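Right, one structure below, let's go through it.
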Amino acid sequence: MTLKLDKLPDREAVKISFTANAELKAALNDYAEVYRQAYGQKESVSDLIPFMLVSFMEADVGFKRARKKQAERRSYPIQNQVSET
């Protein structure tokens with residue numbers, strides 16, 4: 001079985017809190033079960049979510065492009081223009 005999310009690396013515990021509707025909660029629980037079946041290791045939904053978000057953002061070309069532009073703007077601030085009179 002192949003999942004978009006690779007097996008999680010070793011890590012320290014991270015606490016995450018957010019509100020999800022019942023349908024999303026059920027889907028996340030199902031994903032955690034499919035993950036367990038695929039990798040033979042049980043992971044909590046709260047451990048999977050950060051890696052799912054990273055995977056999602058890494059696959060989002062528009063986000064990466066916009067983020068790169070933001071970084072460029074921060075690196076090259078607009079300098080005050082001096083008018084000669």
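The first residue in the sequence is number 1, and the count goes up from there. Because the structure is predicted, anything quoted here is derived from the model rather than measured.
- The hydrophobic cluster containing M57 does not contain V61, counting ILVMFWY residues as joined when their side-chain heavy atoms lie under 4.5 angstrom apart, directly or transitively.
- Contacts of Y39 classified as ring pair (Phe, Tyr, Trp, His ring centres under 6.0 Å), with partners at least two apart in sequence or in another chain: Y35.
- Within 6.0 Å of CD on E23 lie no more than 12 heavy atoms contributed by other residues, nucleotides or ligands.
- With hydrogens and angles ignored, the 3.5 Å screen pairs a side-chain donor or acceptor of K64 with a backbone N or O of E58.
- The pair R36-E33 meets the salt-bridge criterion, since a charged nitrogen lies less than 4.0 angstrom from a carboxylate oxygen.
- In this structure V34 satisfies the side chain to side chain contact (heavy atoms under 4.5 Å, CB included) test together with M1, L3, sequence neighbours excluded.
- The number of heavy atoms from other shown groups lying within 6.0 Å of CZ (F56) does not exceed 12.
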Could you pull out every donor-acceptor pair under 3.5 Å between side chains of residues 24-32 and any protein atom, sequence neighbours left out?
residue	atom	partner	partner atom	Å
N29	ND2	K25	O	3.4

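- Residue V54 is not grouped with residue M52 when hydrophobic side chains (ILVMFWY) are merged at heavy-atom distances under 4.5 angstrom, including chains of intermediate members.
- Proximity of Q70 to R73: side-chain heavy atoms (C-beta onward) are separated by under 4.5 Å at one or more points.
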